[in-house]
Number of protein chains: 2
Amino acid sequence: MSSRTPKPSDDEALQSGRRRATINDVARLAGVSKKTVSRVINRSPSVRPETREKIEAVIARYGYAPDPQARGLAFRRSFLIGLIYDNPNPQYVVNMQLGLLDGMKGSGFELVVHPCDRGSTTLVPDIRAFIERQKLFGVVLTPSVSEDEAVAEMLREIGCEYVRVASIAVDAEAHSIVTRDRHGGLLAGRHLAELGHRRLGFISGPDRFRSSHERRGGFEEGLKEHGATLSADCVAEGAYTFESGMEAAARLLALKDRPTAIFAGNDEMAAGALHAARQAGLSVPEDLSVIGFDDFQIASRVWPPLTTIRAPTREIGRLAADRLLGVMEGDKRDPEWRMPSLVVRGSTAAPKG
Amino acid sequence: MSSRTPKPSDDEALQSGRRRATINDVARLAGVSKKTVSRVINRSPSVRPETREKIEAVIARYGYAPDPQARGLAFRRSFLIGLIYDNPNPQYVVNMQLGLLDGMKGSGFELVVHPCDRGSTTLVPDIRAFIERQKLFGVVLTPSVSEDEAVAEMLREIGCEYVRVASIAVDAEAHSIVTRDRHGGLLAGRHLAELGHRRLGFISGPDRFRSSHERRGGFEEGLKEHGATLSADCVAEGAYTFESGMEAAARLLALKDRPTAIFAGNDEMAAGALHAARQAGLSVPEDLSVIGFDDFQIASRVWPPLTTIRAPTREIGRLAADRLLGVMEGDKRDPEWRMPSLVVRGSTAAPKG
DNA sequence: AGCGCGGTTGATACCGGTGTCCGCCCTGCT
DNA sequence: AGCAGGGCGGACACCGGTATCAACCGCGCT
């Protein structure tokens, strides 16, 4: 049975949806060559409107969708986008994924996830193998891998599209999504300063996260607007984890002249600060104000509910996907922005006395 | 330039790793046909050991790895595994992903994620389109989609391998990973009963989650061991969310003869119960014991830290991946089990008086 | 020696798309 | 009318693998 003259049962199977249509079916049914169908799929301008419509009708009629594998094989690149992350916070990861998926919806691309360990000595080759194996169209990197220059260098070298989500523009604009952490820090500083706090503490994230520095920078800026300052002895480094936040806060609270308010680099550490305060016999917000960053679920679960900075993680994810897909479409529209915002709950108040 | 006699520069590129080796390169360099190389890759037994070794040497020498796209095209199936979920808890999702990735490591498969909405009227066609578009090798379903028979029916119909993670064996053994929620519930019941509680409350998850029923069933079983019972008026339905837990707990605490201990269907709702208790002026665990389920991060962040049932989510994910890949390898080894376990923290104590 | 047989191997088609390149047709110009 | 040129469409090779099937090998048999 020649492929040019498929047996009737084949067409029946097509009709009933039992068999997926191929480009050959579409071409045959539309009375054109498969190359012309391919042109329609790929939006080539050199197809007469009349021909195009005829083909599109057949495509719609039979619900034809090109096979990404075959297309990928010919294109030498798959229709997959990778999410490469080392951020240990589940909520961040999931929100980012949801945002990416939002942006990819209807594009025909799929998302494949790839957690990694930035401390690993094989980080770069591991990521490279991941990309080359599946010939990924592009990848999205989130902090802190997104801040790794060796990784970015490798991506450029192998010619893989990428978008880096980071606190500052770590790369050319086309490759960066900036999270405006500095602005978030500023909002936190303003809020505490406006409440009247003058003796402030800061629990930073790990040094390798750019956001640690940005959030602190913004915080100091916000304080300065109201004449307050952050003294060096009131800064403790944490690791963006609950336990590290608890320990860092305990250190700050043991200070002779302890701060009346603490800005923790993220909600996890702020939750730790709450525990430390309780252990130190201090009540929040009466004796100590605490403000977090992220506004993840935990912020409203702890007691008192955390005043925090809401980071639009999901939106950021959507923007990242838009940017990445835009590269392919040659699309250059500027995505709109979403800034971090202040969410006031119960963990901050004016200082006593 | 014929493909039979590649120009020297091609081989140089191969040597230096600038060009990925193809099956043709390997065949040429090993002095065999590409079909024989294919046989080695696919572990066909009908290759002489001598030939096999020669080919394997070339493969190792040039770091050849078959192209999943091309392989997929020929196999009519991709080397991707889908995670289909509708569980809104980020921690669950991330742990599950990590577990799946653990189990897939080194297998050459990649994980693509697909959140869905079980309430959607297009649930089944959406999932089907997702699978057929990328010709997924198989999928892993988690609660509550995993408990949807229409979805399972569709998967069987299109011949997609699948594993359903659920509270009970919802399918043939080869397709089920059972989370033993009942046992977790039993541990919770035992714990509270042993502490001396006799007036107990239960906040269930939504009815459509099988785990809601299993956890309750196990709970009652555990209570019964010690002569305690769960009265129907002390059961409130929640939605596995913080807010719903808070509301449900408030209802239970408003009862004339309020329970002295509450088992919440998950940690989120237990955290909500903690808030409700605080609003009712009760202190935990003095006036009320609360026990959760999952042992996600939130359990140790709230105050007091939650006594809870640890569900080995990541392990479960690994088992699911093992099972799915096992299907391909024709592997039939029984995966070992991990049961939920009790983690005692500060939210449970003996009742007063 | 001739034959049949099972284990190995390779030539070729094929999976479902895309690129190259050439020929066709229609148009507008001289 | 004849010709150049651009828009349009198709034949064919190719992407990197796998399946089919026949050829080939050496062996034991009669």
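Note on naming: letters A, B, ... go to the chains in the order of the sequence lines (proteins, then strands), and numbering restarts at 1 for each one. Note: hydrogens, waters and symmetry copies are ignored here, and every other heavy atom, side chains too, is used.
- Between B:Phe79 and B:Phe137, the distance from one ring center to the other does not fall under 6.0 angstrom.
- Defined by atom type and a distance below 3.5 Å, a donor-acceptor pair is missing between the side-chain atoms of A:Gln69 and B:Gln134.
- Within a 6.0 Å radius of CD in A:Glu50, no more than 12 heavy atoms belonging to other residues, nucleotides or ligands are found.
- In this structure, the CG atom of A:Asn24 is 9 Å from the C1' atom of C:dG17, given to the nearest Å.
- In terms of phosphate contacts, B:Arg39 brings no side-chain nitrogen or oxygen within less than 4.0 Å of OP1 or OP2 of C:dT9.
- Pairing each heavy atom of A:Met104 with each of A:Leu111, the nearest pair is CE-N, 3.5 Å.
- The two residues A:Leu101 and B:Pro115 make their nearest non-hydrogen contact at CD2-CD, 3.4 Å.
- Between A:Ala320 and A:Val165 the shortest heavy-atom distance is CB-CG2, 4.2 Å.
- One interatomic measurement links the two molecules: NZ of A:Lys135 to C1' of D:dG16, which rounds to 7 Å at whole-angstrom precision.
- For residues 30-37 of chain A, proximity to DNA chain C is found at A:Lys34, A:Lys35, defined as any non-hydrogen atom under 4.0 angstrom from a strand atom.
- Across B:Val170 and B:Ser146, no two heavy atoms sit closer than the pair CG2-O, 4.1 Å.
- The nearest whole Å value for the distance from the CD1 atom in B:Ile23 to the P atom in D:dT18 is 5 Å.
- Against DNA chain D, the stretch residues 46-59 of chain A makes heavy-atom approaches under 4.0 Å through A:Ser46, A:Val47, A:Arg48, A:Thr51.
- Within 4.0 Å of B:Asn42, counting heavy atoms only, lie sugar-phosphate atoms of the nucleic acid but no base atom.
- The CG-C1' distance, from B:Asp67 to D:dC15, rounds to 9 Å in whole Å.
- Residue contacts shown for B:Pro68 are absent, as no nucleic acid heavy atom lies under 4.0 Å away.
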Apply side-chain hydrogen bond (donor to acceptor under 3.5 Å, both in side chains) to the pair A:Tyr62 and A:Arg20, showing each step before the final yes or no.
-> CA-CA 8 Å; A:Tyr62 291 87; A:Arg20 280 187 72 184; over 6 Å; no
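- Between A:Glu110 and B:Arg133 a salt bridge is recorded (basic side-chain N to carboxylate O distance below 4.0 Å).
- OP1 or OP2 of D:dT18 sits under 4.0 Å from a side-chain N or O of B:Ser38.
- Between A:Leu73 atom CG and C:dG19 atom P the separation is 12 Å, expressed in whole Å.
- Comparing the helix axis at one end of the helix from C:dA1-D:dT30 to C:dT30-D:dA1 with that at the other, each defined from 5 consecutive pairs, gives an inter-axis angle of 60° (nearest 10°).
- Counting to the nearest Å, the P atom of D:dC15 and the CZ atom of A:Phe79 are 18 Å from each other.
- Between the side chain of A:Arg76 and the base of D:dG16 there is no donor-acceptor pair of N/O atoms closer than 3.5 Å.
- In this structure, A:Asp25 atom CG and C:dG17 atom C1' are separated by 13 Å, rounded to whole Å.
- A distance-only check finds no donor-acceptor pair linking the side chain of A:Arg28 to the backbone of A:Ile23 [under 3.5 Å].
- Counting only N and O atoms by type, the side chains of B:Ser144 and B:Asn87 include no donor and acceptor under 3.5 Å apart.
- At whole-Å resolution of the value, CZ in A:Arg20 and C1' in C:dC15 are 13 Å apart.
- Shortest non-hydrogen contact noted between A:Phe130 and A:Val112 is CZ-CG2, 3.2 Å.
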